[in-house]
Amino acid sequence: MSGDYGHGDSQVNSGSKGSETHKHKDKHKDKEHRHKDHKKDKEREKLKHSNSEYKEHSEKKHKDRDKLKHSNSSSDKHREKHKEKRKEEKIKSSHDKPKKEKENGYVRDASPPAIKSEPEEDNGFYASPQHNKTSKREYNNQEFECKPKKVKVEHDRKAQKRKHEYEEDEEDEDIKPKKKTKDKRVTEGKKSKKEEEEKWKWWEEERYTDGSKWRFLEHKGPVFAPPYEPLPDKVRFYYDGKPMKLSAPAEEVATFFSKMLDHEYTTKDIFRKNFFKDWRKEMTSEEKSKITDLNKCDFTEMNEYFKAQSEARKQMSKEEKQKIKEENERLVQEYGFCIMDNHKERIGNFRIEPPGLFRGRGDHPKMGMLKRRIRPEDIIINCSKDSKHPKPPPGTKWKEVRHDNKVTWLASWTENIQGSIKYIMLNPSSRIKGEKDWQKYETARRLKKCVDRIRTQYRDDWKSKEMRIRQRAVALYFIDKLALRAGNEKEEGETADTVGCCSLRVEHVKLYPKMDDQEYVVEFDFLGKDSIRYYNKIPVEKRVFKNLQLFLENKQPEDDLFDRLNTSILNKHLQELMDGLTAKVFRTYNASITLQQQLKELTCPDDSIPAKILSYNRANRAVAILCNHQRAPPKTFEKSMQNLQTKIEEKQNQLSAARKQLKVAKSDHKASHDDKSKKAVEVKRKAVQRIEEQLMKLQVQATDREENKQIALGTSKLNYLDPRISVAWCKKWGVGIEKIYNKTQREKFAWAIDMAEKDYEF
DNA sequence: GTTTTAACTTAGTAATCTGCAG
DNA sequence: CTGCAGATTACTAAGTTAAAAC
């Protein structure tokens with residue numbers, strides 16, 4: 001490994017460029033606070049940011065992180081400068097409405113895009129069986145009045161046929177819309193709308209090829225957070241020991257804080273500092289001059305008031321609760337659905353996020369800031385021109401109403417903490433989400449076909465004479481082997497300090513040429529998405545190890561491990577290897593293939609159903625571990641484990657009792673040989689068998705739960721595992737699908753449940 | 001080319017619901 | 001019927017990625 005990879009120039013950092021260094025000193029101060037006191041839950045703490053060893057270690061390292069950050073290379077320095085600049089701008093613009101407005105508002109608006117009034121080619125259409133001529137024509141004339149008169153319905157027979165066509169074709173091409181060869185069926189059947197709507201099989205229809213997401217979209221707009229209700233006078237806030245009546249805006253923000261008093265983070269410096277700063281902005285000038293020290297604020301009365309309130313809510317009579325429930329239901333009925341292309345679809349989140357105090361995950365520099373109340377004037381509505389536009393609440397206006405059918409959202413607003421955009425979108429069971437999900441798995445299946453080639457290539461690239469190529473190849477190896485996330489760069493100081501593959505720093509890996517009986521071991525220890533700790537020690541191939549040593553040469557702990565790489569470079573490369581390939585496809589692919597392979601390995605044909613389900617959960621667990629999906633051990637874990645143990649013991653006692661009875665019955669029978677005693681034996685035998693089964697079930701449950709203590713299965717099940725694998729497995733072994741997927745999940749995966757047969761292969 | 005933004009997926013936790021043992 | 005544990009749902013933060021803007 002010597003000079004032959006032109007890496008001599010900039011990737012190795014040469015001496016620090018001093019001037020940048022000091023600017024950031026303050027930031028370190030903040031950083032030192034991070035990682036210190038954490039989640040209220042100690043256990044969780046252990047799991048997430050894990051042992052203090054990690055914390056200390058990372059704190060120390062951060063101290064002089066910036067020093068080096070800037071010394072890295074000229075381009076790095078450049079980057080940093082931009083970051084700074086942007087940060088300043090951001091701060092300014094948060095006070096500077098007009099500018100923001102422009103960014104979000106008019107840009108697109110200038111040329112209201114969206115719905116073409118001319119139909120394109122036939123094949124540009126999302127043609128469903130019931131998009132018969134009539135409905136098409138409706139669409140085509142949409143400059144005028146073409147609101148679908150009725151929500152269409154599905155139920156066709158021919159469509160069944162298409163199920164398989166899809167699968168086969170997809171083998172090669174991913175789901176491409178079929179030619180519109182099927183004739184349209186008009187089926188305004190007799191069934192109730194609801195029933196029919198449930199049966200709509202969008203997956204048997206063709207998809208848009210022109211990049212549009214819908215032709216028609218109508219909805220009622222979002223539901224806003226209820227207005228603030230001032231506290232009763234008897235609930236008081238004290239400053240410096242004296243009661244003080246706050247103005248409504250200041251009081252509201254104070255209630256946010258008071259509600260969180262039990263949370264540990266209200267004791268954190270950053271949280272308190274951010275909160276106080278934002279709170280003061282809401283105060284009147286008198287309040288501002290009086291309230292100068294958060295430590296002198298006493299919110300306990302308010303806190304108790306809210307606790308009492310929630311207690312009272314729990315104690316409400318059944319009728320009252322019922323009433324609230326019904327009211328809620330009404331709201332869902334009215335606002336929870338939209339009509340998209342002839343079908344009524346469920347909206348995922350039709351309520352606007354209420355105001356409150358921001359709590360990021362992990363050590364977030366913005367924790368405690370005020371998340372402001374969203375008003376109609378902040379909302380952009382998206383719907384089709386020819387739909388009945390949602391009405392803003394009386395006396396208010398929308399920020400904008402646009403008609404962009406190249407996107408899937410119904411409404412959006414800009415959030416004030418990070419300046420990012422939030423959206424109202426459809427439920428996962430909707431066509432628009434389902435198609436995308438399906439497509440995701442098809443892309444992963446295409447990767448399956450060429451993954452060998454890609455692996456061969458990146459192994460080859462470990463030997464490249466170009467540093468950037470080696471880095472790319474090693475990073476890809478990690479992404480493939482360890483299912484790491486891509487790892488975008490983040491703005492320092494804006495978010496918690498977390499990393500993914502491309503943003504790994506020197507301090508996150510340790511190399512051990514020898515460890516126990518293994519060679520070339522790499523130890524990873526870093527905080528990933530949501531500040532979940534990733535800790536892993538794995539042996540790697542010698543070449544990878546040598547390359548890592550090379551990447552680490554002459555670098556400081558806070559320097560990037562892959563200084564010649566970022567996600568954009570990586571994804572561009574991947575795109576060239578396979579159409580649609582990006583870093584995250586590897587996670588999907590590896591998760592799904594692991595499930596399939598684990599199921600094959602773990603399922604014993606002779607096992608009982610519960611044992612099979614345990615196998616399924618174990619296979620699922622293998623994936624969750626691969627993807628590092630963790631959770632806090634449930635607060636009641638120990639207790640519930642114990643309860644289960646007690647149950648098991650009881651059951652064991654029952655079993656031995658039942659066995660005794662069986663024995664007795666048997667000897668009775670031997671003695672008398674009559675029919676009656678024979679029957680008794682049978683009965684007892686059955687009882688024993690039943691109890692054995694129950695016991696087994698309990699034991700399996702205990703094992704499952706124990707193994708699952710700090711692993712979350714839900715995330716992978718919902719986002720990474722091709723549902724058709726699970727459906728096929730259920731069909732193959734006669735396990736009810738509801739044993740694996742609950743109602744919501746079955747709705748989301750309806751397409752898979754409908755189309756996968758027992759021999760489906762990912 | 002680099003940075004920024006928009007759009008959408010993925011993520012863990014808190015709140016709420018449900019069904020079952022007592 | 002009631003309380004509570006486990007299941008489900010709601011919520012919203014935090015990622016990824018492609019495209020737009022500089």
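What you see is a predicted model; the values in this text were computed from it and never measured. In what follows, every chain begins at residue 1, and chains take the letters A, B, ... in the order their sequences are listed.
Phosphate proximity of dT18(B) to Lys325(A): present, with a side-chain N or O under 4.0 Å from OP1 or OP2. Side-chain nitrogen and oxygen atoms of Arg587(A) include none within less than 4.0 Å of the OP1 or OP2 phosphate oxygen of dT17(C). For Asn742(A) and dT8(C), the shortest distance from a side-chain N or O to OP1 or OP2 is below 4.0 Å. Taking only side-chain nitrogens and oxygens, Lys584(A) never comes nearer than 4.0 Å to OP1 or OP2 of dT17(C). Residue Tyr720(A) places at least one side-chain N or O closer than 4.0 Å to OP1 or OP2 of dA11(B).
A cation-pi arrangement is found for Lys259(A) relative to Phe306(A), the charged atom lying closer than 6.0 Å to the ring centre and inside a 45° cone about the ring normal.
Below 30°, between 30° and 60°, or above 60°: for Tyr265(A) and His263(A) the angle between ring planes is below 30°, a parallel geometry.
Taking the ring centroids of Tyr720(A) and His629(A), they lie under the 6.0 Å cut-off. For His364(A) and Phe358(A), the gap between ring centers is short of 6.0 Å. Note: Tyr535(A) and Phe524(A) fail the aromatic proximity criterion, with ring centroids not under 6.0 Å apart.
Whole-Å rounding puts the Gln630(A) CD to dT13(B) P distance at 9 Å. Taking atom CG on Leu426(A) and atom P on dC8(B), their separation rounds to 10 Å, with Å as the unit. As rounded to whole Å, 15 Å separates atom P of dA18(C) from atom NZ of Lys440(A). Separating the CD1 atom of Ile424(A) from the P atom of dA6(B) is a distance of 17 Å, rounded to the nearest angstrom. Note: CD (Glu491(A)) to C1' (dT5(B)) measures 12 Å, nearest angstrom. One can place NZ of Lys213(A) at 16 Å from P of dA6(B), the figure rounded to the nearest angstrom. Rounded to whole Å, atom P of dT8(C) lies 16 Å from atom NZ of Lys748(A). Whole-Å rounding puts the Arg402(A) CZ to dA6(B) P distance at 9 Å.
Closest to the Thr715(A) side chain, of the nucleotides dG12(B), dT9(B), dT13(B), is dG12(B).
For the pair Asn328(A) and Leu718(A), both in contact range of DNA chain B, the more 5′-proximal nearest nucleotide belongs to Leu718(A). The 5' end of DNA chain B is approached more closely, in terms of each residue's nearest nucleotide, by Thr408(A) than by the other of Thr408(A) and Arg313(A). Comparing Cys501(A) and Lys743(A) along DNA chain C, the residue whose closest nucleotide (by nearest heavy atom) sits nearer the 5' end is Lys743(A).
Applying the side-chain hydrogen bond (donor to acceptor under 3.5 Å, both in side chains) test to Ser716(A) and every residue at least two apart in sequence or in another chain returns Asn620(A).
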Inset, instruction - Could you walk me through whether Asp530(A) and Arg361(A) pass salt bridge (charged side-chain N to carboxylate O under 4.0 Å, His left out), step by step? - result: CA-CA 6 Å; Asp530(A) 292 316; Arg361(A) 311 204 221 209; 3.4 Å; yes

Inset, instruction - Please lay out, stage by stage, how Gln471(A) and Arg468(A) fare under the test side chain to side chain contact (heavy atoms under 4.5 Å, CB included). - result: CA-CA 5 Å; Gln471(A) 292 194 354; Arg468(A) 57 176 192 97; 5.7 Å; no

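Of the residues in residues 566-580 of chain A, Asn571(A), Gln575(A) come within less than 4.0 Å of DNA chain C through at least one heavy atom, sorted by number.
When heavy atoms are screened at a 4.0 angstrom cut-off, Ser412(A) is found touching no nucleic acid atom at all.
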Scan nucleotides 10-15 of chain C against the protein and return all N/O pairs shorter than 3.5 Å with their distances rounded to 0.1 Å.
residue : atom : partner   : partner atom : Å
dA13(C) : OP1  : Lys371(A) : NZ           : 3.1
dA13(C) : OP2  : Lys422(A) : NZ           : 2.5
dA13(C) : O4'  : Arg361(A) : NH2          : 3.0
dA13(C) : N3   : Arg361(A) : NH2          : 3.3
dA14(C) : OP1  : Arg361(A) : N            : 2.6
dA14(C) : OP1  : His364(A) : ND1          : 3.3
dA14(C) : OP2  : Gln418(A) : NE2          : 3.4
dA14(C) : O4'  : Asp530(A) : OD1          : 3.4
dG15(C) : OP1  : Thr498(A) : OG1          : 2.8
dG15(C) : OP1  : Asp530(A) : N            : 3.1
dG15(C) : OP2  : Lys490(A) : NZ           : 3.0

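Side chain to side chain, Tyr616(A) and Ser726(A) meet the donor-acceptor criterion of an N or O pair below 3.5 Å.
When all heavy atoms of Arg505(A) and Val499(A) are compared, the pair lying nearest together is NH1-CG1, 3.9 Å.
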